Amino acid sequence: MRKVNGITPTSANKQIFVVICHSHNFMRYYLPNRYDQVMISFPNLGPSAVQCAIESVKKGKKVAVIDKKAGVGGVCVHTGTIPSKTFRESVLHLSGYRHQGFYGKSYARDNITLKDILGRVNTVIANEMDVIQAQLKAARVDLIPGLARFENEHEVSVEGDSGQPTRLRGSKFLIACGTRPAHSPLVPVDGKVILDSDDILNYDTSKLPKSWIVVGAGVIGMEYASMLNVLPGINVTVVDGRSEILTFCDDEIVSSLKMEMRHNGARFLLGESIKSCEHFKNGVKVEFNSGKAMFAEALLYCVGRQANTGGLNLEAVGLSRNPRGLITVNEKYQTSHPHIYSAGDCIGAPSLASTSMEQGRLAACDMWSNKDQTTSQLESGNYPYGIYTIPEISMVGKTEQQLTKEGVNYAVGLAKFSELAKSQMGGDIKGTLKILFDPDTQKLLGVHAIGHGATEIIHIGQVAMAMDCTITYFRDAVFNYPTLAEGYRVAALNGLGRLTKEH
Ligand SMILES: Cc1cc2nc3c(=O)[nH]c(=O)nc-3n(C[C@H](O)[C@H](O)[C@H](O)COP(=O)(O)OP(=O)(O)OC[C@H]3O[C@@H](n4cnc5c(N)ncnc54)[C@H](O)[C@@H]3O)c2cc1C
Ligand SMILES: NC(=O)c1ccc[n+]([C@@H]2O[C@H](COP(=O)([O-])OP(=O)(O)OC[C@H]3O[C@@H](n4cnc5c(N)ncnc54)[C@H](O)[C@@H]3O)[C@@H](O)[C@H]2O)c1
């Protein structure tokens, strides 16, 4: 066997190497295409591809990953989860937001620039890439840079910088190509004044625009709007075509978010549709069909995402896409070709990094017939949502409005963060933990939280729901004190107390 770049292509338990590359410099050497049992998971190692690749390696498979950008991590690490959540940490730190209750509004650092915020973002991205790269290196997953497209049901071609496409053959495939920001001809995104959620991370200005219109009150829009809103001297207006924001969240929690954002200066223009949007002086002017018009120094456009499935030549291999470019899969993440799987954002909701990872793992378990590990709480819907607005929101299970719609009787237990010693000490006392439970069986139906730490403490509720606990578990449990987790005991006592009063 020939040695290439010091590496000998061996074949562990008959799983044949197709690609050998040095992940650092991407020097490549390809053996001829006479191979089987190769999973080519493409593209750019987003969370679903990483988990699928690592799970497949555990099964003794040789995995190649095609990656259109030089750098692992996908949207999650480069433009989505990791940078936006680090952006938030920077904003919280620089604005001193959580400590203003003790030290006053002037506690914020002077002249906060995007450079200050993005410095932290870029450091965390680099570290995350290093972690993933190390994991893949240890697992001997081969990274192949380039743009992938199907040539037939068992082969993909990869076009890299050299221009000469390479063909790879595999027995199993995972399509995990993710999404990109959706655009509209009405709103000319230019990356300078009119931005999408990718542009804000590459924004070439040291000065933060003082006024922002954020179009789209979905998760991305609300996260960025609430971050910008706590920076000193910045005005934010949130615009959405719908009459309500974050419609999948509990109404009471959403009302608290809006109240807190309004308190910090935000304005909401809901049920509005854009008639025109154009550059105007040093900013942007938006006219609405309702007759309103407004001006801002910058506009952030976040009205949803479009799947990156266009260039994959899926039609040629008989795979169809819906109008948003999404791929249809069955409960095992198989497309209409059983050996071609798909996972992550390109198959649609819930489109989270957390659920994408699990989909990738489950796809690998099914590919390699590891039936004993294919049980997952993903199917039962017992997974949380974490919305990193300021203040943050998290939820698991049903909302009040869902239960009402389904005709389910429920009771409520509440803990106000202002009642928790831990919140008092932290200085951020605005928050609520709300437990919805069945008043007859006392089984948990949903847990909703808003406030600092919500995305962490939600997991207690998640586990309790998975274990089919009743609310009395929280009444009887002894929690560390002082903690935010203690809110579960407070909410249980509150909920059970209300029941006693009612009976
Ligand atoms: C701003 C933002 C914030 C988010 N915050 C959160 C959060 O807080 N929590 C959470 O759970 N989720 C969050 N998400 C969602 C999360 O990032 C996604 O669910 C997750 O990244 C999807 O993973 P994936 O496996 O589908 O691949 P992705 O991470 O989408 O990566 C796919 C990769 O494939 C590459 N690619 C596409 N086409 C090709 C091709 N033809 N050839 C080669 N490569 C190709 C793309 O360049 C991309 O890098 C956020 C998303 C965004 C946009
Ligand atoms: N913390 C998290 O888990 C997190 C964070 C960010 C993103 N994400 C994922 O990313 C996905 C995409 O997020 P998103 O916010 O881009 O999409 P979204 O679909 O959640 O929200 C888009 C919003 O834009 C509005 N809208 C659409 N067209 C419009 C128009 N022409 N004018 C005005 N408003 C319009 C919609 O009514 C909706 O409220 C989400 O589904 C989510 O799963 C998750």
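Quantities reported herein were computed from a predicted structural model and do not represent experimental measurements.
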*asked:* Within a 6.0 Å radius of atom OH on Y103, are there more than 12 heavy atoms belonging to other residues, nucleotides or ligands?
replied: no

*Answer yes or no: is there a donor N or O on one side and an acceptor on the other, between the side chain of D366 and the main chain of A363, under 3.5 Å?*
no

*Could you tell me whether R262 atom CZ has more than 12 heavy atoms of other residues or ligands within 6.0 Å of it?*
yes

*Within a strict 4.5 Å, meaning less than it, do heavy atoms of the W212 and V238 side chains meet?*
no

*Residue pair R321 / T309, side-chain donor-acceptor N/O under 3.5 Å*: yes

*Test: D116 and R109 ion pair at under 4.0 Å*: yes

*Hey, mind stepping through V77 and V72 against side chain to side chain contact (heavy atoms under 4.5 Å, CB included) and telling me if it holds?*
CA-CA 8 Å; V77 169; V72 296; over 6 Å; no

*Side chain of H448, backbone of K398: donor and acceptor closer than 3.5 Å?*
yes

*Backbone of L378 reached by a side-chain donor or acceptor of N382 within 3.5 Å*: no

_Min side-chain heavy-atom separation L444-L436 under 4.5 Å_ = no

*For the residue pair G348 and L326, what are the closest heavy atoms and their distance?*
N-CD2, 3.7 Å

*Measure the shortest side-chain to side-chain distance between Q359 and P350 over non-hydrogen atoms and say whether it is less than 4.5 angstrom.*
yes

*Show your reasoning for whether side chain to side chain contact (heavy atoms under 4.5 Å, CB included) applies to L484 and S423.*
CA-CA 7 Å; L484 293 176; S423 295; 3.3 Å; yes

*Should we say atom NE2 of H459 is surrounded by more than 12 heavy atoms from elsewhere, each under 6.0 Å from it?*
yes

*asked:* Pair K292, E272 - check salt bridge (Lys or Arg N to Asp or Glu O under 4.0 Å), show working.
replied: CA-CA 9 Å; K292 294 188 192 79; E272 294 282 356; 2.3 Å; yes

*Is the closest basic N to carboxylate O distance between E244 and K258 below 4.0 Å?*
yes

_What I want to find out is whether R305 reaches D345 closely enough, with some N-O distance under 4.0 Å, to be called a salt bridge._
no

*asked:* Looking at R88, is its backbone amide N or carbonyl O close enough to the side chain of H93 to form a donor-acceptor pair, meaning the two atoms are under 3.5 Å apart?
replied: no

_We want to know whether S273 and N289 form a side-chain donor-acceptor pair, criterion being a heavy-atom distance below 3.5 angstrom._
yes

*Side-chain contact, heavy-atom cut-off 4.5 Å: C277 with L186?*
no

*Run the salt-bridge test on D438 and K443 with the 4.0 Å N-O cut-off and return the result as yes or no.*
no

_Note: K416-E419 ion pair, threshold 4.0 Å (strictly below)_ = no

*asked:* Could you check whether T455 and E392, counting side-chain N and O atoms only, form a donor-acceptor pair closer than 3.5 Å?
replied: yes

_Centroid-centroid distance, F173 to Y341, less than 6.0 Å_ = no

*asked:* Any non-hydrogen side-chain atom of Y388 less than 4.5 Å from a side-chain atom of S226?
replied: no

_Regarding K59 and E55, does a basic nitrogen lie under 4.0 Å from an acidic carboxylate oxygen?_
yes

_Steps toward ring pair (Phe, Tyr, Trp, His ring centres under 6.0 Å) verdict (Y224, F87)_ = CA-CA 9 Å; Y224 276 117; F87 196 110; 5.3 Å; yes

*Evaluate the side-chain proximity of Y203 to P209: yes if any heavy-atom separation is below 4.5 Å, no if none is.*
yes

*Just by distance, do the side chain of N229 and the backbone of V236 share a donor-acceptor pair under 3.5 Å?*
no

*Side chains of K332 and L362 in contact at under 4.5 Å (non-hydrogen atoms)*: no

*Give a yes or no on whether the backbone of G461 and the side-chain of Y488 come within a donor-acceptor separation of less than 3.5 Å.*
yes

*Can K422 and E486 be counted as an ion pair, charged N to O under 4.0 angstrom?*
no

*Would the number of heavy atoms belonging to other residues, nucleotides or ligands and lying under 6.0 Å from OH of Y473 be above 12?*
no

*Could you walk me through whether M227 and L231 pass side chain to side chain contact (heavy atoms under 4.5 Å, CB included), step by step?*
CA-CA 7 Å; M227 295 181 215; L231 289 168; over 6 Å; no

_Donor-acceptor under 3.5 Å (N494 side chain, V490 main chain)_ = no

*Measure up the F248 and Y385 rings against each other and bin them: parallel (under 30°), tilted (30 to 60°), perpendicular (over 60°).*
tilted

*Salt bridge present between D250 and K434 (N-O < 4.0 angstrom)*: yes

*Please check if the side chain of Q402 supplies one atom and the backbone of T399 the other of a donor-acceptor pair under 3.5 Å.*
yes

*Pairwise side-chain contact, I112 with I117, heavy-atom cut-off 4.5 Å (strictly under)*: yes

*Do side-chain atoms of T483 reach the backbone of F479 as a donor and acceptor pair under 3.5 angstrom?*
no

*Could you tell me whether a side-chain N or O of R489 sits under 3.5 Å from a main-chain N or O of V478, the two making a donor and an acceptor?*
no

